[in-house]
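To keep things clear, I will list the structure first and then write my remarks on it.
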Amino acid sequence: IAFVDVDVAILSSEPAKDKVNELTARLAPEKNKVKELENTVRGLQVKLQQDAAVMNETEKRNLANEIEIKAVEYQQRVSQLQESQENSRQELMQGLAPKFQAALAQLMKEGGYTVLMHRKAVLVFDPKDDLTKKVTEVLNSNP
């Protein structure tokens, strides 16, 4: 019996790191826009709190509406960004799945293992039976 942490094995591999870096670069403009919107909303909220005493009702209402519009846009962009990140993560895992399966098969054969379990499903085990690092090494050696 051997154990492996699928996520750690795949995400620690060089092909996965390359794809994560690619994804980070691709999503950077959207992350920046989200951060910019967050700062805008906070700035408008501070302005409303600080200047409320000297503003008339129309100005307060207009500023409150602007805050609400920006906050909704912020929430939408955060949701879209999270969805993009999750979709990209799934694509990454699916894209490396065949290589991962081949690495598992190779290591099971080499080690004479007949059962392979997810490491998170086990409370206690001998670390010598943890194939996670070995799987990552095989993934790195077969780009």
Side-chain angles (χ1 to χ4, degrees), residues 1-53 55 57 59-143:
I1 297 176
F3 308 94
V4 68
D5 186 322
V6 177
D7 293 337
V8 171
I10 291 176
L11 295 175
S12 296
S13 71
E14 291 305 317
K17 288 178 183 178
D18 291 344
K19 292 209 182 268
V20 167
N21 289 338
E22 197 177 292
L23 169 68
T24 301
R26 185 169 47 93
L27 293 178
E30 186 61 24
K31 283 184 179 182
N32 290 338
K33 182 64 178 171
V34 166
K35 191 67 173 167
E36 183 181 306
L37 275 168
E38 179 182 20
N39 291 336
T40 300
V41 169
R42 284 188 182 153
L44 291 172
Q45 289 170 334
V46 167
K47 180 179 179 179
L48 181 60
Q49 289 172 350
Q50 291 176 345
D51 298 346
M55 297 175 121
E57 288 304 312
E59 290 172 324
K60 287 180 192 177
R61 200 171 32 254
N62 288 343
L63 189 53
N65 286 340
E66 185 178 355
I67 291 170
E68 186 176 339
I69 289 168
K70 294 286 186 187
V72 167
E73 182 182 354
Y74 169 78
Q75 288 299 325
Q76 289 172 340
R77 286 185 178 264
V78 166
S79 294
Q80 290 170 347
L81 182 60
Q82 289 171 339
E83 185 178 331
S84 293
Q85 289 172 326
E86 182 57 29
N87 289 342
S88 296
R89 184 183 185 284
Q90 288 176 359
E91 287 175 21
L92 168 71
M93 297 301 274
Q94 289 173 352
L96 290 174
K99 291 180 181 184
F100 175 76
Q101 291 296 329
L104 289 181
Q106 174 187 332
L107 292 171
M108 285 183 73
K109 184 177 179 183
E110 289 173 2
Y113 298 107
T114 56
V115 176
L116 185 60
M117 296 180 66
H118 199 293
R119 189 169 74 182
K120 293 178 183 174
V122 181
L123 293 175
V124 179
F125 60 90
D126 190 332
K128 74 175 175 51
D129 294 322
D130 184 358
L131 299 182
T132 304
K133 287 182 182 178
K134 290 180 182 178
V135 171
T136 300
E137 289 168 5
V138 171
L139 289 172
N140 288 343
S141 67
N142 299 321

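Every heavy atom of this structure was used, including side-chain atoms; hydrogens, water molecules and symmetry mates were not.
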Taking all non-hydrogen atoms of both residues into account, name the closest pair between E59 and M55 and its distance.
OE1-CA, 3.3 Å
Per the side-chain contact (heavy atoms from CB on, under 4.5 Å) rule, which among D5, V4, L96, T136 passes with I10?
L96
Taking all non-hydrogen atoms of both residues into account, name the closest pair between L131 and A2 and its distance.
CD1-CB, 3.6 Å
Identify all side-chain donor-acceptor contacts of residues 107-126 below 3.5 Å with residues at least two apart in sequence or on another chain.
| from | atom 1 | to | atom 2 | distance (Å) |
| --- | --- | --- | --- | --- |
| E110 | OE2 | Q106 | NE2 | 3.1 |
| H118 | ND1 | K120 | N | 3.1 |
| R119 | NH1 | D130 | OD2 | 2.5 |
| D126 | OD1 | K128 | N | 3.1 |

Atom pair CG (L104) and NZ (K134), whose distance is rounded to the nearest 0.5 Å
13.0 Å
What's the separation between atom CZ in R61 and atom CG in L48, rounded to the nearest 0.5 Å?
12.5 Å
Side chain to side chain contact (heavy atoms under 4.5 Å, CB included) filter on K47, not counting sequence neighbours, yields D51, L63
When rounded to the nearest 0.5 angstrom, what is the spacing between CG in N39 and NZ in K70?
12.5 Å
Any chance you could measure I67, atom CD1, to Y74, atom OH, to the nearest 0.5 Å?
15.0 Å
By side chain to side chain contact (heavy atoms under 4.5 Å, CB included), E83 pairs with (sequence neighbours left out) N87
Gap separating the CG atom of L37 from the CZ atom of R42, nearest 0.5 angstrom
12.0 Å
L92 versus L11: any side-chain heavy-atom pair under 4.5 Å?
yes
Identify each donor-acceptor pair in which a side-chain atom of residues 25-36 lies under 3.5 Å from a protein atom, sequence neighbours left out, and give them as a table.
| from | atom 1 | to | atom 2 | distance (Å) |
| --- | --- | --- | --- | --- |
| R26 | NH2 | S88 | OG | 3.2 |
| E30 | OE1 | R77 | NH1 | 3.1 |
| E30 | OE2 | R77 | NH1 | 3.0 |
| N32 | ND2 | A28 | O | 3.3 |
| K35 | NZ | E38 | OE1 | 3.4 |

Please identify each residue that fulfils side chain to side chain contact (heavy atoms under 4.5 Å, CB included) with E14, with sequence neighbours left out.
K17, N140
Please give me the minimum heavy-atom distance between L139 and P15, naming the atom from each residue.
O-CG, 4.1 Å
Listed by chain and number, what are the side chain to side chain contact (heavy atoms under 4.5 Å, CB included) partners of E86, not counting sequence neighbours?
R89, Q90
